[in-house]
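Below is one structure; the comments refer to it alone.
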Amino acid sequence: MEAHSLGSYVNEYMIGGAAFIIMLSILVSRALGRFAIPSLAVFLGIGMLAGSEGLGGITFDNAWVAQFIGLLALAIIIFSGGFHTEWKEIRPLLKEGAALATVSVILTAIMIGAFAAYWIDIPIIGGMLLGAIVSSTDAAAVFSVLRSRNVNMRKDIRALLEFESASNDPMAVLLTIGVIEYIMSRHVGHNLFVLVMAQQIAVGLVVGYAFARATVFLLERIRLDYKGLYPVLLLSLVCITYALTDVLGGSGFLAVYVMGVTMGHRRFLHRALLQDFFEGLAWLSQIAMFVIMGLLVFPSRLATIWQHGLVIAAFIMFVARPASTMITLAPFRMGWRERVLISWTGLRGSVPILLATFPIVAGVPHADKIFDTVFFVVLISILVQGITIPPFARMLGLTEETAAETKTIA
């Protein structure tokens, strides 16, 4: 009886504690939203506050569990983002988005890696690992900021930024894994790396599109007894798409994004219900992912790296991201204001933190220091860029109210 009571209390505390953290995250983000503080920064802060060095005292240092939950949550967020995106907004921007998702990521990683190696005084391969981890923009952060009520950014620019953030993860993942393998085994073939990257993109595109068409076909013909089962069915198919694509050597993130965009372009039974369901689920996933990442960090360790982290964050925001964006978009017809805004909207978020768990799981030397540095860089990016994007877009005249007065992307 005592054992049963003890187990019951433990379960109740866990359920109640998790529910309280979620409720607190929502209420605090709503309150601080009046001061233009991004919700994602609030979620990270609450995770840190609830952690072992905060008021909550929750001890959590399992990088593998955090990685698993984060990958699942991000897949849901990316699918939801694609599901709510109009294909007609993305189609004219495919070339620009593809370039930003590949060339820009590589250039950013190289520039950050070289600078980090010089500034922190670490081996160049260590700098490249750090550069690879923070090279991509984050879909959860971009979707959250651009779709908030404070941002009225022009639809074509918003679509390009969302497409970039949802499709540039494969390159960042490959760069990170490639550098880790080089550090641990000292042999990675360059030709093989290019082939794997091509395979990731090709398989992701094919599987994502195929599953989208098959899912729409199924939803148009199946008649379930309860309306509430349709969201459950779609959620299971999204997870299967992600997992199968990964097994086949493709990018699961790209696959679920393509699946979402393709389905969002079609009309089928209970489409509005499913979109509403995934909008709420995406927010729950964002809260869970950022709170868990906040739990994983130890604030006391940030005090030892904050100076390096601050300089690296500034280098990313003011040098690496703008330079890589300008170089990548040079062949395309686009106004200078659009280029400047795209350069500034290079939000880092959950993806770099997730990738920073890879070296920890792999046992790379000094992985903890890399994780702490990445976490600090992400925190600065969300706070500084997340807060300044709305007024910056208005200052450049690239909001919906002034869309007619600005030059559109060709």
Side-chain angles (χ1 to χ4, degrees), residues 81-82 85-115 128 131-132 134-139 142 146 153-175 178 190-191 193-202 204-205 209 251 253-254 257-258 261 315-348 351 385 389 392-393 396-398 402-410:
T85 299
E86 293 289 341
W87 170 248
K88 62 183 180 181
E89 296 176 1
I90 294 179
R91 185 168 53 187
L93 307 169
L94 286 177
K95 293 181 180 179
E96 293 90 334
L100 288 172
T102 53
V103 177
S104 180
V105 172
I106 295 174
L107 292 175
T108 302
I110 293 174
M111 284 186 278
I112 297 172
F115 179 79
M128 290 301 166
V134 296
S135 60
S136 67
T137 58
D138 180 70
V142 170
L146 296 189
M153 191 178 294
R154 219 172 59 197
K155 287 183 179 180
D156 54 349
I157 303 175
R158 188 188 71 183
L160 176 58
L161 289 165
E162 290 181 352
F163 175 64
E164 175 203 6
S165 66
S167 58
N168 63 8
D169 296 323
M171 179 61 75
V173 171
L174 276 179
L175 289 174
H190 300 293
N191 293 335
F193 178 84
V194 174
L195 290 176
V196 171
M197 182 61 204
Q199 175 183 311
Q200 286 264 318
I201 296 174
L205 290 172
Y209 181 76
S251 168
F253 293 137
L254 182 58
Y257 181 70
V258 171
V261 171
F315 180 81
I316 294 173
M317 291 187 291
F318 295 105
V319 180
R321 168 69 178 182
S324 63
T325 301
M326 295 299 178
I327 294 172
T328 302
L329 295 179
F332 303 101
R333 295 176 57 192
M334 188 179 297
W336 68 267
R337 285 177 294 182
E338 286 88 346
R339 297 171 191 262
V340 171
L341 183 58
I342 291 170
S343 298
W344 186 244
T345 316
L347 285 162
R348 268 60 189 172
V351 172
Q385 293 174 294
I389 285 173
F392 196 50
L396 291 172
L398 296 176
T402 58
E405 301 174 8
T406 58
K407 185 178 179 180
T408 59
I409 298 178

Expected output: side-chain Arg337 to main-chain Gly397 donor-acceptor under 3.5 Å: no
Would the distance check show the side chain of Thr328 and the main-chain N or O of Thr325 forming a donor-acceptor pair, the cut-off being under 3.5 Å? no
side-chain contact (heavy atoms from CB on, under 4.5 Å) evaluation trace for Phe392 with Leu398: CA-CA 9 Å; Phe392 196 50; Leu398 296 176; over 6 Å; no
Working to the nearest 0.5 angstrom, can you tell me the gap between [X] [atom1] and [Y] [atom2]?
{"X": "Leu341", "Y": "Leu161", "atom1": "CG", "atom2": "CG", "answer": "6.5 Å"}
{"X": "Arg339", "Y": "Ile157", "atom1": "CZ", "atom2": "CD1", "answer": "12.0 Å"}
{"X": "Phe253", "Y": "Gln200", "atom1": "CZ", "atom2": "CD", "answer": "10.5 Å"}
{"X": "Met171", "Y": "Ile201", "atom1": "CE", "atom2": "CD1", "answer": "6.0 Å"}
{"X": "Glu164", "Y": "Leu93", "atom1": "CD", "atom2": "CG", "answer": "11.5 Å"}

With under 30° as parallel and over 60° as perpendicular, where do the rings of Phe115 and Phe315 fit, or are they tilted in between?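 If you compare the ring of Phe115 with that of Phe315, the planes turn out parallel.
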When the side chains of residues 105-112 are checked against the rest of the protein, which donor-acceptor pairs come out under 3.5 Å, sequence neighbours left out?
unit_1: Thr108; atom_1: OG1; unit_2: Ser104; atom_2: O; d: 2.7
unit_1: Thr108; atom_1: OG1; unit_2: Ser324; atom_2: OG; d: 2.9

Give the intermediate values and the outcome of side-chain contact (heavy atoms from CB on, under 4.5 Å) for residues Val173 and Ser251. CA-CA 9 Å; Val173 171; Ser251 168; over 6 Å; no
Could you tell me which non-hydrogen atom of [X] sits nearest to which non-hydrogen atom of [Y], and how far apart they are?
{"X": "Thr137", "Y": "Gly346", "answer": "CG2-CA, 3.6 Å"}
{"X": "Ala98", "Y": "Phe163", "answer": "N-CE2, 3.7 Å"}
{"X": "Phe332", "Y": "Ala99", "answer": "CE1-CB, 4.0 Å"}
{"X": "Ser343", "Y": "Met326", "answer": "OG-CE, 3.7 Å"}

Evaluation steps, side-chain contact (heavy atoms from CB on, under 4.5 Å), between Arg321 and Ile342: CA-CA 9 Å; Arg321 168 69 178 182; Ile342 291 170; 3.7 Å; yes
Could you tell me which residues satisfy salt bridge (charged side-chain N to carboxylate O under 4.0 Å, His left out) with Arg348, sequence neighbours excluded, listed by chain and number? none
In sequence, state the C-alpha distance, the side-chain angles, and the governing distance for Leu100 and Leu160, and then conclude on side-chain contact (heavy atoms from CB on, under 4.5 Å). CA-CA 9 Å; Leu100 288 172; Leu160 176 58; 4.2 Å; yes
Apply ring-ring contact (aromatic ring centres under 6.0 Å, His included) to Tyr209 and list each qualifying residue two or more places apart in sequence or on a separate chain.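 ring-ring contact (aromatic ring centres under 6.0 Å, His included) list for Tyr209, sorted by chain: empty.
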